[in-house]
Number of protein chains: 2
Amino acid sequence: MSTEKVTIADVAKTAGVSKGLVSFALNNRPGVGAETRVRILQIAQDLGWKPSLRARSLSTQRSYALGLVIARNPDVLASDPFFPSFIAGVESILAAERRALVLSVVPDEDTELQTYRSLVADGRVDGVFLSDLRHNDARIPLLTELGLPAVTLGRPDGDSPFPAVTVDDTPGITASVRHLAELGHSRIAHVAGSPDLLHGTRRREAFAAAMAAAGLPEGQTVETDFSVGAGSDATRRLLDQAIRPTAIVYANDPMAIAGLGVAHELGIRVPDDLSITGFDDIDFCRYVFPPLTTVSAAPAVWGRAAAQTLLRLMEHGSAEDVDLPAARLIIRGSTAPPRQV
Amino acid sequence: MSTEKVTIADVAKTAGVSKGLVSFALNNRPGVGAETRVRILQIAQDLGWKPSLRARSLSTQRSYALGLVIARNPDVLASDPFFPSFIAGVESILAAERRALVLSVVPDEDTELQTYRSLVADGRVDGVFLSDLRHNDARIPLLTELGLPAVTLGRPDGDSPFPAVTVDDTPGITASVRHLAELGHSRIAHVAGSPDLLHGTRRREAFAAAMAAAGLPEGQTVETDFSVGAGSDATRRLLDQAIRPTAIVYANDPMAIAGLGVAHELGIRVPDDLSITGFDDIDFCRYVFPPLTTVSAAPAVWGRAAAQTLLRLMEHGSAEDVDLPAARLIIRGSTAPPRQV
DNA sequence: TTAGTTAACTATACCGGTTTAGTTGACGAC
DNA sequence: GTCGTCAACTAAACCGGTATAGTTAACTAA
């Protein structure tokens with residue numbers, strides 16, 4: 001019933017010790033007698049004392065929160081289930097640690113950098129996740145300058161003082177191309193992601209390399225911004241040609257699904273006339289028709305690993321890179337041998 | 001260059017006044033001479049002083065952050081673009097207010113309630129958004145008990161002390177049914193959302209009412225959990241019947257898209273053999289084939305309005321309900337007159 | 001003239017923890 | 001017996017703001 005907030009002073013008084021000693025006992029540091037410590041903790045529990053996060057924040061200069069800043073085209077963000085799953089994974093770790101996640105969704109890169117600055121200035125977070133890595137990513141020097149611990153989702157292209165938690169997506173693309181090649185395809189096109197994003201170009205390079213490895217001619221590639229609309233446009237462009245590809249490897253699922261729509265619209269049958277592969281294995285893949293052959297990432301697992309790594313970094317001052325199992329090809333109904341070769 | 005953090009004491013000293021006066025000047029409260037106030041603010045700016053959020057938090061007992069707790073089946077969360085857009089809207093308001101958003105994604109309702117408790121116990125947030133309202137929602141009494149300001153997304157069914165920011169989705173469903181009826185459909189089914197969620201049953205009731213209003217026999221209704229998979233199953237069940245509906249009204253877009261997949265798979269042509277309508281107008285709708293007739297919500301606008309209302313509530317102690325423009329029917333290619341009536 | 005008000009401002013307690021600089025007493029070494 | 005050391009513990013400063021009680025000086029009213 002008594003809702004009066006109990007403070008460390010109350011605990012100290014009833015235990016007959018000083019505030020400082022209670023603090024020591026709580027954070028189990030040396031300098032407290034064994035039985036005294038037990039007694040203090042017992043009393044704290046009896047009184048229902050939980051140390052005030054705010055007070056602790058002020059004296060320790062930490063916030064006990066982690067940050068995630070997302071700078072994405074709203075369209076892309078909305079159709080991409082990566083973040084909800086990733087965040088769910090992050091939360092599953094944070095919840096147990098009594099830490100919170102501060103989320104910012106910003107419209108552009110300038111605002112993004114500004115947001116990191118103010119998160120630090122306000123001491124909102126003790127560390128951040130860096131997603132959607134870009135070439136020569138400006139966030140890395142910025143965070144280094146700000147002294148904010150971070151974890152990168154994937155390995156950045158330049159120097160980085162931060163641990164990276166990586167899911168190698170190259171094998172997935174390679175497997176997609178090999179799968180198509182084995183089915184007998186040779187005119188395989190690639191609807192790539194944004195050239196500004198590391199995973200956009202990496203998938204594109206993996207595609208080119210896999211085509212070469214399969215002994216196939218260089219495949220046509222169209223750049224996009226990863227959005228559903230761009231995927232649709234790119235597909236239309238590819239299929240409007242006199243000689244069109246018999247298979248298309250998409251850099252993500254939403255674009256692949258849009259591609260499926262375009263094919264339907266043009267009367268091109270999938271997989272008979274056109275094979276399609278996606279990337280990410282979003283929930284939709286299993287339920288569109290035909291079900292989409294794609295590459296499974298595991299955003300929630302990624303989130304957990306990233307959170308653990310970031311916490312470790314903040315605690316120990318350093319953390320090892322983590323390499324998660326590479327994304328795997330999942331073969332469903334959208335790929336088949338080509339009709340005419 | 002000098003990164004030494006400047007505090008209120010520094011400002012006070014250089015201005016030759018007391019800390020208290022600086023505080024008064026900053027929060028423009030009475031008791032400061034006009035020219036003194038200007039001078040203090042000028043000096044503060046010159047020194048580059050920004051009051052410490054942490055210190056301010058401790059003395060004002062506020063966190064200057066808002067909270068959003070999402071308790072959803074991970075599958076549903078991942079395929080539903082509502083939250084990313086909603087959050088983007090919220091952020092667009094918060095950014096200017098130097099407030100942050102604390103996000104929690106939890107697996108179930110118990111954890112959800114627990115999360116609210118700990119957000120309050122830790123003083124992480126000054127107010128929260130309540131989404132996905134349920135019947136007799138346990139969160140409302142809980143938040144009342146905790147004394148945490150909140151805004152509900154939609155009007156709850158019971159008593160609520162909180163302002164509601166509402167987008168009426170009934171007209172959208174009504175318009176969908178009317179549109180289908182006008183096209184000549186009479187066997188219209190409904191793939192409903194979760195019966196636990198208010199908007200699930202509301203859309204279902206709107207469907208039933210609209211059917212009656214159109215003078216049509218009661219339509220078949222299948223309950224789901226709003227997930228893509230459930231939408232697929234429900235559609236299969238509806239279409240596996242001897243006498244099947246000529247049109248299906250879905251409670252959300254992901255299920256409608258899954259339904260489209262099932263229809264394709266069964267060789268049922270949309271819209272010739274089956275008309276389909278969705279709800280939300282997610283980005284995919286325009287790009288699947290045929291493009292989906294759906295009802296446009298505006299999650300980002302909703303987010304902005306909700307944030308503004310919550311801020312107003314926290315500032316003035318009360319805020320008016322807000323009724324946003326009702327969702328509108330957007331007619332695309334997935335609806336057409338029925339083949340055989 | 002003098003008490004009463006009031007605006008402007010100061011000093012200081014306070015929010016609730018952490019941390020540092022002592023203080024005390026027991027024990028071992030010589 | 002005395003000094004040194006160490007573990008256990010206390011007192012008080014500190015984090016950086018806000019809020020309250022008090023102080024001045026000017027101004028008003030009787």
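With hydrogens and angles left out, the side-chain atoms of Ser92(A) and Arg304(A) include a donor and acceptor closer than 3.5 Å. Between the side chains of Asp110(B) and Gln114(B), no donor-acceptor pair of N or O atoms lies under 3.5 Å.
For Ala55(A), taking side-chain heavy atoms from C-beta onward, the closest of the listed nucleotides dT18(C), dG16(C), dG17(D) is dG16(C). The side chain of Thr7(A) sits closest to dG16(C) out of dT18(C), dG16(C), dG17(D). Residue Lys19(B) has its side chain nearest to dG17(D) when only dA11(C), dG17(D), dT18(C) are considered. Counting only heavy atoms from C-beta on, Phe24(A) has its side chain closest to dT19(C) among dT19(C), dC15(C), dC9(C). For Ile8(B), whose side chain is taken as the heavy atoms from C-beta onward, the closest listed nucleotide among dG17(C), dG17(D), dT10(C) is dG17(D). Closest contact between the side chain of Leu58(A) and the listed nucleotides dG16(C), dC9(C), dT18(D) involves dG16(C).
Within the nucleic acid shown, Thr60(B) comes within 4.0 Å of sugar-phosphate atoms alone, with no base atom in reach, counting heavy atoms only. Arg29(A) comes within contact range of the sugar-phosphate backbone alone, with a heavy-atom separation under 4.0 Å but no base atom that close. Counting non-hydrogen atoms under 4.0 angstrom, Gly16(B) reaches the backbone sugars and phosphates but no base. Across all strands shown, Val17(A) has heavy atoms under 4.0 Å from sugar-phosphate atoms exclusively, and none from any base. The residue Gly33(B) sits close only to the backbone: its heavy atoms come under 4.0 Å of sugar-phosphate atoms, none of a base.
One interatomic measurement links the two molecules: CG of Asn28(B) to C1' of dC9(C), which rounds to 17 Å at whole-angstrom precision. Distance, Arg54(B) CZ to dT18(C) P: 14 Å, rounded to whole Å. The interatomic distance linking Leu26(A) (CG) with dT19(C) (C1') rounds to 14 Å, in whole Å. Taking atom CG of Asn27(A) as the reference point, atom P of dG16(C) lies 17 Å away to the nearest angstrom. Summarising the geometry, the separation between OH on Tyr64(A) and C1' on dG16(C) is reported as 13 Å, rounded to the nearest angstrom. Here the P atom of nucleotide dA8(C) and the CZ atom of Arg37(B) are 9 Å apart, to the nearest Å. With rounding to whole Å, Leu21(A) atom CG is found 15 Å from dA21(C) atom C1'. Computed from coordinates, the Lys5(A) NZ to dC15(C) P distance equals 9 Å when rounded to whole Å.
Nearest heavy atom pair, residue Leu77(A) against residue Val105(A), reads CD2-CG1, 3.8 Å. Nearest approach of Ala150(B) to Leu130(B), heavy atoms of both residues: CB-CD1, 4.5 Å.
Counting only heavy atoms from C-beta outward, the side chains of Arg56(A) and Tyr64(A) approach each other to under 4.5 Å. Considering only heavy atoms from C-beta on, Phe24(A) stays 4.5 Å or farther from Arg37(A) through its side chain.
The phosphate of dG17(C) (OP1 or OP2) has no side-chain N or O of Ser59(A) nearer than 4.0 angstrom. When the side-chain nitrogen and oxygen atoms of Trp49(B) are compared with OP1 and OP2 of dG17(D), one or more of them lie within a distance under 4.0 Å. At dT18(D), none of the side-chain N or O atoms of Gln61(B) fall inside 4.0 Å of OP1 or OP2 (strictly under the cut-off). OP1 and OP2 of dG17(D) both lie 4.0 Å or more from every side-chain N or O belonging to Ser57(B). Within the 4.0 Å cut-off from OP1 or OP2 of dT18(C), at least one side-chain nitrogen or oxygen of Ser23(A) is found.
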